[in-house]
Amino acid sequence: MNERVIALDVGDVRIGIAVSDPTGTIAQPLEVYRRVGWGPDSRYVKALCERYETNRVLLGLPLNMDGTLGGQAQKAQAFGEVLAKLELDVFYQDERMTTVTAEKVLIGGNVRREDRKQYVDKLAAAVILEQWLASQSQQK
């Protein structure tokens with residue numbers, strides 16, 4: 001296995017997906033997946049991991065502003081548990097404000113409001129991945 005990481009910004013309707021380069025240093029937005037159900041969703045992530053030859057999955061953890069776990073964070077952890085049963089190594093990254101950051105990038109890039117929806121989730125996943133990669137390099 002290489003050092004790639006698949007990052008997920010898990011929502012109720014969509015999952016934003018990003019992937020790192022093989023050295024695990026650069027994050028790239030990949031796609032937005034429309035959710036179907038826990039089984040198909042987890043199998044799709046597993047297939048992505050196989051395609052990119054990795055077993056490492058990073059999930060954004062949408063903590064409350066005070067740092068506590070809310071309902072969405074619990075849903076992300078539950079999905080992480082499903083992925084772990086598929087023998088994937090699951091990591092979590094605080095994702096507070098990542099969607100706001102992604103929106104600002106899109107606005108700064110003059111992306112039209114109606115077009116932003118198709119990009120914001122995968123860009124948020126890339127922001128989550130960038131933050132996690134930076135924290136990993138600091139720990140080394």
Side-chain angles (χ1 to χ4, degrees):
M1 294 282 170
N2 60 39
E3 293 293 318
R4 280 192 197 268
V5 179
I6 301 288
L8 307 176
D9 180 22
V10 181
D12 290 329
V13 177
R14 295 177 302 276
I15 300 175
I17 304 171
V19 64
S20 73
D21 68 314
T23 65
T25 55
I26 300 170
Q28 173 181 331
L30 188 60
E31 64 182 90
V32 176
Y33 169 81
R34 186 168 256 328
R35 299 208 57 188
V36 180
W38 289 61
D41 297 350
S42 60
R43 288 189 295 275
Y44 186 82
V45 172
K46 175 75 172 175
L48 269 178
C49 288
E50 290 170 0
R51 180 170 25 149
Y52 286 96
E53 299 177 343
T54 188
N55 64 343
R56 299 176 355 146
V57 179
L58 173 68
L59 274 77
L61 194 61
L63 300 174
N64 293 324
M65 292 311 286
D66 65 1
T68 60
L69 290 175
Q72 286 301 110
Q74 291 171 350
K75 288 179 185 180
Q77 287 181 322
F79 189 58
E81 290 170 12
V82 171
L83 295 175
K85 289 178 183 174
L86 296 176
E87 299 182 0
L88 298 174
D89 294 332
V90 178
F91 305 91
Y92 297 94
Q93 173 67 34
D94 179 358
E95 72 163 57
R96 285 178 285 186
M97 306 302 290
T98 56
T99 301
V100 173
T101 301
E103 282 278 353
K104 287 181 180 178
V105 168
L106 293 171
I107 291 168
N110 294 321
V111 176
R112 295 178 0 182
R113 180 185 306 269
E114 51 272 10
D115 294 335
R116 284 185 218 143
K117 195 173 203 174
Q118 64 183 314
Y119 298 111
V120 71
D121 294 316
K122 66 182 176 181
L123 192 55
V127 172
I128 293 164
L129 183 53
E130 285 173 353
Q131 292 173 350
W132 187 80
L133 292 172
S135 72
Q136 296 302 299
S137 69
Q138 290 175 355
Q139 290 178 9
K140 290 181 181 176

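Only a predicted model underlies this, so the values are computations on that prediction, with no experimental measurement involved. Side chains are part of it too, since the values below use all heavy atoms of this structure and drop only hydrogens, waters and symmetry mates.
Separation of atoms CH2 (Trp38) and CG (Leu83) is listed at 9.0 Å; rounding is to 0.5 Å. Rounding to the nearest 0.5 Å gives a distance of 10.5 Å between CG of Leu58 and CG of Asp9. The structure places OG1 of Thr25 at 7.5 Å from CG of Leu133, a figure rounded to the nearest 0.5 Å.
Lys75 has its side chain within reach of Asp12: a pair of non-hydrogen atoms, C-beta onward, lies under 4.5 Å apart. Side-chain contact between Asn55 and Cys49 is absent, with no heavy-atom pair separated by less than 4.5 Å. At a threshold of 4.5 Å between non-hydrogen side-chain atoms, the residues Leu61 and Asp94 do not count as touching. The side-chain heavy atoms of Arg4 and Val19, taken from C-beta on, include a pair separated by under 4.5 Å. Side-chain contact between Asp41 and Val36: present, with at least one pair of heavy atoms (C-beta onward) separated by less than 4.5 Å.
When every heavy atom of Ser20 is checked against every heavy atom of Leu129, the shortest pair comes out as N-CD2, 3.5 Å. Here the closest non-hydrogen pair linking Leu30 and Lys122 is C-CD, 4.0 Å. Closest of all the heavy-atom pairs between Leu86 and Lys46 is O-NZ, 2.9 Å. Nearest heavy atoms, Gln93 versus Trp132: OE1-CD1, 3.4 Å. Contact between Leu8 and Ala125 at its shortest, heavy atoms only, is C-CB, 4.5 Å. Annotation for Leu59 and Ala76: closest pair CD2-O, 3.2 Å, computed over non-hydrogen atoms.
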Derivation and outcome, side-chain contact (heavy atoms from CB on, under 4.5 Å), residues Arg35 and Val10: CA-CA 9 Å; Arg35 299 208 57 188; Val10 181; 3.4 Å; yes
Could you go through Thr54 and Val5, starting from their C-alpha distance and side-chain angles, then the distance that decides it, and tell me whether this counts as side-chain contact (heavy atoms from CB on, under 4.5 Å)? CA-CA 7 Å; Thr54 188; Val5 179; 5.7 Å; no
side-chain contact (heavy atoms from CB on, under 4.5 Å) assessment of Glu31 paired with Leu48: CA-CA 11 Å; Glu31 64 182 90; Leu48 269 178; 4.1 Å; yes
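Judged purely by atom type and a 3.5 angstrom limit, Arg14 has no side-chain atom pairing as donor or acceptor with the backbone of Arg34.
Using a cutoff of 4.0 Å between basic side-chain nitrogens and carboxylate oxygens, Glu3 and Arg56 are scored as salt-bridged.
Annotation: ring pair (Phe, Tyr, Trp, His ring centres under 6.0 Å) contacts of Tyr33 (sequence neighbours excluded): Tyr44.
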